[in-house]
Amino acid sequence: MNYIESSWYKKKSLMTWLLAPLSGLFFILSSFRKLLFRLGIAKSFKADIPIIVVGNIGIGGNGKTPFVLWLVPHLESMGLKVGVISRGYGAKAPAYPYELSSASSVKEAGDEPFLIYNRLQCPLVIGADREASYKILKEKYKVDVIVSDDGMQHYKMPRAIEFCIIDSKRRFGNGFLIPAGPLRELPSRINSVDLAIENGGDSLFSYQLATSGFYSVKNKEFAENTPNEGIAVSAIGSPKRFEKSLEALGKKLIECKHFRDHHAYTEQDFIETESNAVFMTEKDAVKCQQFAKNNWYYLKVDATPTKELIEQINQLLKQKGITHGI
C-alpha cells in the first residue's frame, strides 16, 4: 500500500487536505454523471434477467469476493442457473467480453474472476462493457439470474438488488472521496441500497470469514501439517486482517510482505524468502502456482452469514421474484 492509500485509514493528515480539491472535482463529475441517469439523459441498458450487484462504495479490500462465493451456491440451491459478470480488473484477455474456461489463465482473467470461476465453475464473463457480458450469459447460457462482482457505480447496468459490502473494521476510512480518501461515493449512498452487509462485526446483517485450513499453493491439495512460522505475503486491500488470522491460528510471522492490490507476482518477488515457509491468501495463490515451492501455503476462507442475513436475503429475493418458492 503506497503512502496516499495508507493515509486513507488514518486521521486526516496533510496529504488528505492537499488532495481534497481533487476529491471535490471527483464529486462534481460523479454527481453530474449520476444526474444524467436520474434525468433519463443517460440510460441503463434493458435487462429481463435480474442482476444482483455485490459492490461497495470504497476501493477494494471490503470482502466482496467471499460473499460472491457464498451467494452463487445459495442461489443455485434454489434451482436457479447463475452467471457472474465482472470488470476483470488487471486482466489481459485476448479480447472482450471474455468468457472464462478451464483453459483460461489468471493473467487473462484477472485474479478475482479466476478464483471465482475455479471455485464455482459457473458461467463467468469479464469486460468493461457489462451489457455485452450480459448478452453472452443470456443468449449462450440461458441463466436465470446474474451476479455482478462489483459494479455499484456502473449506472449503465440495471440492477434488481444491490448488496453493499462494508468492512466492519475500516468502514469508510477518513470519509473522503478519492483520491483524498478511499470512497467512490459518499456514505449516504448506503441509504439507497437494498441491503448493507458487514464483513465482520456483530451486526445482524453480517458475515464472518471462517478459515477452512491451509492448502498447497503448488498443487491446491489440503495441507494437514504446516510449519509454525513463516513469511506472510499478500497483495490485497486489507493485509492486516489476513495476518491476524494467521497469528490466531498459531503462526509466527517472521516478516510481512505487502504488495499493491491485484499485484502480478513474479519469482523475483520471492528472492528474499529463501527457504522460509510462505503463507498467502487464495487470491494471491492463484497468481503464484506456476513457480510456487513446496512450502508455500494459502489460507482458504469462506463467508459465514448470520441467520438474520440469510433470512433477509431470501426475503429480498422473494420480493423481486428471483426464487422458486423458498
Side-chain angles (χ1 to χ4, degrees), residues 1 6 9 60-71 73-74 106 111-112 114-116 118-120 165-171 197-203 206-263 265 269-307 309-310:
M1 183 179 287
S6 65
Y9 300 100
N62 291 290
K64 295 189 306 296
T65 300
F67 184 74
V68 170
L69 291 172
W70 174 85
L71 179 62
H74 182 68
V106 67
D111 49 16
E112 290 171 351
F114 186 85
L115 168 58
I116 292 170
N118 278 272
R119 275 263 213 130
L120 302 180
I165 308 300
I166 301 170
D167 186 305
S168 64
K169 299 291 190 297
R170 299 193 302 172
R171 303 292 296 177
I197 302 171
E198 280 198 352
N199 170 16
D202 55 4
S203 69
S206 65
Y207 62 89
Q208 302 296 326
L209 294 180
T211 60
S212 51
F214 289 95
Y215 290 74
S216 165
V217 176
K218 194 170 187 178
N219 58 30
K220 299 182 181 179
E221 293 180 357
F222 176 72
E224 190 168 348
N225 297 304
T226 56
N228 292 323
E229 65 177 34
I231 297 173
V233 178
S234 59
I236 56 178
S238 183
K240 294 297 183 184
R241 183 192 292 270
F242 167 61
E243 289 152 12
K244 286 180 180 178
S245 295
L246 292 175
E247 290 171 343
L249 292 169
K251 301 303 180 187
K252 180 182 177 182
L253 302 181
I254 302 169
E255 183 185 358
C256 297
K257 294 172 68 73
H258 300 161
F259 296 89
R260 189 164 186 169
D261 198 9
H262 302 289
H263 174 71
Y265 289 105
D269 295 322
F270 297 89
I271 289 178
E272 297 178 1
T273 60
E274 298 178 348
S275 60
N276 292 304
V278 172
F279 301 110
M280 58 181 63
T281 70
E282 190 173 4
K283 175 179 165 180
D284 297 302
V286 297
K287 295 178 283 189
C288 300
Q289 188 177 7
Q290 298 302 316
F291 51 83
K293 295 182 180 179
N294 291 326
N295 62 341
W296 292 13
Y297 308 93
Y298 68 87
L299 180 62
K300 186 177 179 182
V301 297
D302 295 288
T304 305
T306 62
K307 180 181 74 172
L309 175 56
I310 295 173

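In this text the structure is predicted, and so the values were computed from the model without any measurement.
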Inset, instruction - Start with the C-alpha distance between F291 and Y265, add both sets of side-chain angles, then the distance that settles ring pair (Phe, Tyr, Trp, His ring centres under 6.0 Å), and finish with yes or no. - result: CA-CA 10 Å; F291 51 83; Y265 289 105; 7.7 Å; no
If only atom types and distance count, is the side chain of [X] paired as donor or acceptor with the main-chain N or O of [Y] below 3.5 Å?
X    : Y    : answer
T273 : N276 : no
Y207 : W70  : no
Q208 : N199 : no

Check [X] against [Y] and note the closest heavy-atom contact, atom names and distance.
X    : Y    : value
T306 : S203 : CG2-O, 4.2 Å
I165 : N62  : CG2-O, 3.2 Å
L209 : R241 : CD1-CD, 4.4 Å
L120 : P73  : CD2-CG, 3.8 Å
P66  : G63  : CD-O, 3.3 Å
P305 : I310 : CB-CG1, 3.9 Å

Check side-chain contact (heavy atoms from CB on, under 4.5 Å) between [X] and all other residues, then give those that pass, not counting sequence neighbours.
X    : result
E255 : I231, K257
S212 : K300, D302
N219 : S216, E221
N294 : K218

Inset, instruction - Go through the steps to decide whether M280 and V217 satisfy the test side chain to side chain contact (heavy atoms under 4.5 Å, CB included), and finish with yes or no. - result: CA-CA 9 Å; M280 58 181 63; V217 176; 4.0 Å; yes
Inset, instruction - Kindly write out the residues that satisfy salt bridge (charged side-chain N to carboxylate O under 4.0 Å, His left out) with K287, not counting sequence neighbours, or none if the list is empty. - result: D111
Are any of the side-chain heavy atoms of [X] and [Y] separated by less than 4.5 Å?
X    : Y    : value
V233 : W296 : no
V68  : E112 : no
K240 : K169 : no

List for me each residue that meets ring-ring contact (aromatic ring centres under 6.0 Å, His included) alongside [X], sequence neighbours excluded, and say none if there are none.
X    : answer
H262 : Y89
Y215 : F222, Y298
F242 : none
F114 : none

Legend entry - E198 bridged to R171 by N-O distance under 4.0 Å: yes
Approximate separation, where rounding is to 0.5 Å, of [X] [atom1] and [Y] [atom2]:
X    : Y    : atom1 : atom2 : result
D261 : S234 : CG    : OG    : 9.5 Å
L246 : L299 : CG    : CG    : 6.0 Å
T211 : L249 : OG1   : CG    : 4.5 Å

Inset, instruction - Would you please test V106 and Q289 for side chain to side chain contact (heavy atoms under 4.5 Å, CB included) and show each step? - result: CA-CA 10 Å; V106 67; Q289 188 177 7; over 6 Å; no
Please identify each residue that fulfils side-chain hydrogen bond (donor to acceptor under 3.5 Å, both in side chains) with [X], with sequence neighbours left out.
X    : value
E243 : H258
T226 : K251
T281 : D284

Legend entry - Verdict with reasoning, L253 to E247, per side chain to side chain contact (heavy atoms under 4.5 Å, CB included): CA-CA 7 Å; L253 302 181; E247 290 171 343; 4.0 Å; yes
